[in-house]
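From a predicted model like this one, the values you see are computed outputs, not experimental measurements.
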Amino acid sequence: MSELPSERGAEVGRRIGVGLMYGLWKPRVLGAWKVPASGPVIFAVNHSHNVDGPMVMGVAPRPTHFLIKKEAFIGPLDPFLTGIGQLKVDRGTTDRTAITRALGVLDNGGVLGIFPEGTRGEGDFASLRAGLAYFAVRSGAPIVPVAVLGSSERRGRLLKGLPPLRSRVDVVFGDPFEAGDGSGRRTRKALDEATERIQKQLAAHLEQARRLTGRPTGAR
């Protein structure tokens, strides 16, 4: 079996994230108490900005292993991301190594972070890839929806690619839910049905998160 990402490394990454995220911005975290304190969990995170992953890593109550596109693992970022327990994935193929390592994280009772939209976009969970359903049904791990709001509303003046320094970014954790129908089936039909259930849950959480934070519909 492929070597599993380091749990200790992910905790180091979480501590780095705490320092950076709270140092550069003003995160407001809601619902973190809903994250199960132990056992396998999948964070399903909307994705509208590059800072979303590090933000969740820094504010989540548990160390997180994110599936990250291999294109991000360039130069010195490669050993750094690997060292803090993150998972490299080739989105252009069925990456068996990444799948095995991600399932290994869940088998060991860890937290797997996924951007179910597959790529950065509107961050509205409107289009989901099947990977999230596969990991959830295959592992039986509950999904915790996570909405990151405010990361892409405005650009900073000093660093154009980042939110304005000291601006507020909201991170809202939702109620854990099971993706499967309880039958344990992993057929294409079962995964399609699970993806549909997941999409409805994530979209509902996003709307609730916008209401809780006072952000208008369409704000990211």
Side-chain angles (χ1 to χ4, degrees), residues 21 27-62 64-67 102 106 111-153 163 168-220:
M21 296 304 113
R28 180 172 62 169
V29 185
L30 302 174
W33 57 272
K34 296 179 180 181
V35 177
S38 62
V41 174
I42 299 173
F43 286 159
V45 185
N46 69 322
H47 196 22
S48 61
H49 197 285
N50 283 332
V51 81
D52 297 340
M55 182 63 71
V56 172
M57 281 182 65
V59 304
R62 294 175 60 186
T64 309
H65 305 272
F66 266 99
L67 277 168
L106 296 172
V111 179
L112 180 67
I114 295 180
F115 299 113
E117 295 159 293
T119 187
R120 196 170 73 250
E122 291 300 308
D124 57 3
F125 291 129
S127 176
L128 302 191
R129 292 191 170 194
L132 174 56
Y134 173 80
F135 286 119
V137 173
R138 171 81 166 70
S139 68
I143 294 172
V144 171
V146 186
V148 182
L149 302 170
S151 61
S152 61
E153 285 178 8
R168 196 185 84 211
V169 178
D170 294 319
V171 183
V172 186
F173 293 89
D175 293 311
F177 67 92
E178 304 289 336
D181 60 4
S183 69
R185 292 180 302 125
R186 284 182 251 158
T187 62
R188 170 62 62 186
K189 184 171 184 290
L191 291 178
D192 286 345
E193 290 171 354
T195 297
E196 195 173 320
R197 278 193 294 275
I198 291 168
Q199 200 276 333
K200 288 177 181 175
Q201 292 267 21
L202 298 186
H205 171 66
L206 188 58
E207 284 307 306
Q208 183 181 24
R210 284 174 176 153
R211 286 196 298 272
L212 278 172
T213 57
R215 294 187 184 271
T217 300
R220 306 193 295 276

Asks: Tell me if the centroids of the rings in F43 and F66 come within less than 6.0 Å of each other.
Replies: no

Asks: Is there a side-chain contact between H65 and M57 (heavy atoms, below 4.5 Å)?
Replies: no

Asks: Mind checking whether V35 and R62 have side chains closer than 4.5 Å, heavy atoms only?
Replies: yes

Asks: I'd like to check T213 versus V172 (side-chain heavy atoms, cut-off strictly below 4.5 Å). Are they in contact?
Replies: yes

Asks: Taking the basic N atoms (NZ, or NE/NH1/NH2) and the acidic carboxylate oxygens, is any pair closer than 4.0 Å for E193 and K189?
Replies: yes

Asks: Identify, with sequence neighbours excluded, every residue that meets side chain to side chain contact (heavy atoms under 4.5 Å, CB included) alongside V137.
Replies: R186, L191, A194

Asks: Would I114 and V45 count as a side-chain contact (heavy atoms from CB on, under 4.5 Å) here? Give the steps.
Replies: CA-CA 6 Å; I114 295 180; V45 185; over 6 Å; no

Asks: Closer than 3.5 angstrom, by distance alone: can the side chain of S38 be matched with the main-chain N or O of P36 as a donor-acceptor pair?
Replies: no

Asks: Please report the shortest heavy-atom distance between P61 and F173, naming the atom on each side.
Replies: CD-CZ, 4.4 Å

Asks: Show, in sequence, the C-alpha distance, side-chain angles and deciding distance for V148 and V169, and conclude whether the side-chain contact (heavy atoms from CB on, under 4.5 Å) test is met.
Replies: CA-CA 7 Å; V148 182; V169 178; 3.9 Å; yes

Asks: If you compare all heavy atoms of T64 against all heavy atoms of A60, which two are closest, and at what distance to 0.1 Å?
Replies: OG1-CB, 4.1 Å

Asks: To check you understand the geometry: which heavy-atom pair defines the closest contact between A32 and V29, and what is its length?
Replies: CB-CG1, 4.0 Å

Asks: Could you state the interatomic distance from CG (L30) to CG (L212), rounded to the nearest 0.5 Å?
Replies: 6.5 Å

Asks: Where is the tightest heavy-atom contact between E178 and G140, given as atom of each residue plus distance?
Replies: OE1-O, 3.4 Å

Asks: Looking at A179, is its backbone amide N or carbonyl O close enough to the side chain of R197 to form a donor-acceptor pair, meaning the two atoms are under 3.5 Å apart?
Replies: yes

Asks: Heavy-atom distance under 4.5 Å between the side chains of V51 and P163, does that happen here?
Replies: yes

Asks: Evaluate the criterion side-chain contact (heavy atoms from CB on, under 4.5 Å) for residue pair L206 and L149; output intermediate values, then yes/no.
Replies: CA-CA 9 Å; L206 188 58; L149 302 170; 3.9 Å; yes

Asks: Using 0.5 Å steps for rounding, measure from the CZ atom of R210 to the CZ atom of R215.
Replies: 10.5 Å

Asks: To the nearest 0.5 Å, what is the distance between CG on L202 and CG on N46?
Replies: 9.0 Å

Asks: Kindly write out the residues that satisfy ring pair (Phe, Tyr, Trp, His ring centres under 6.0 Å) with F135, not counting sequence neighbours, or none if the list is empty.
Replies: none

Asks: Assess the residue pair L67 and L112 against the criterion (side-chain contact (heavy atoms from CB on, under 4.5 Å)); give the C-alpha distance rounded to whole Å, side-chain angles, the decisive distance to 0.1 Å, and a yes or no.
Replies: CA-CA 8 Å; L67 277 168; L112 180 67; 4.2 Å; yes

Asks: Less than 4.5 Å apart, any side-chain heavy atom of Q201 and any of P145?
Replies: no

Asks: Counting only heavy atoms not in K200, do more than 12 sit closer than 6.0 Å to its NZ atom?
Replies: no

Asks: Are the side chain of H47 and the backbone of G53 linked by a donor-acceptor contact shorter than 3.5 Å?
Replies: no

Asks: Taking only residues two or more places apart in sequence or in another chain, which ones pass side chain to side chain contact (heavy atoms under 4.5 Å, CB included) with A141?
Replies: P40, I42, L106, S139

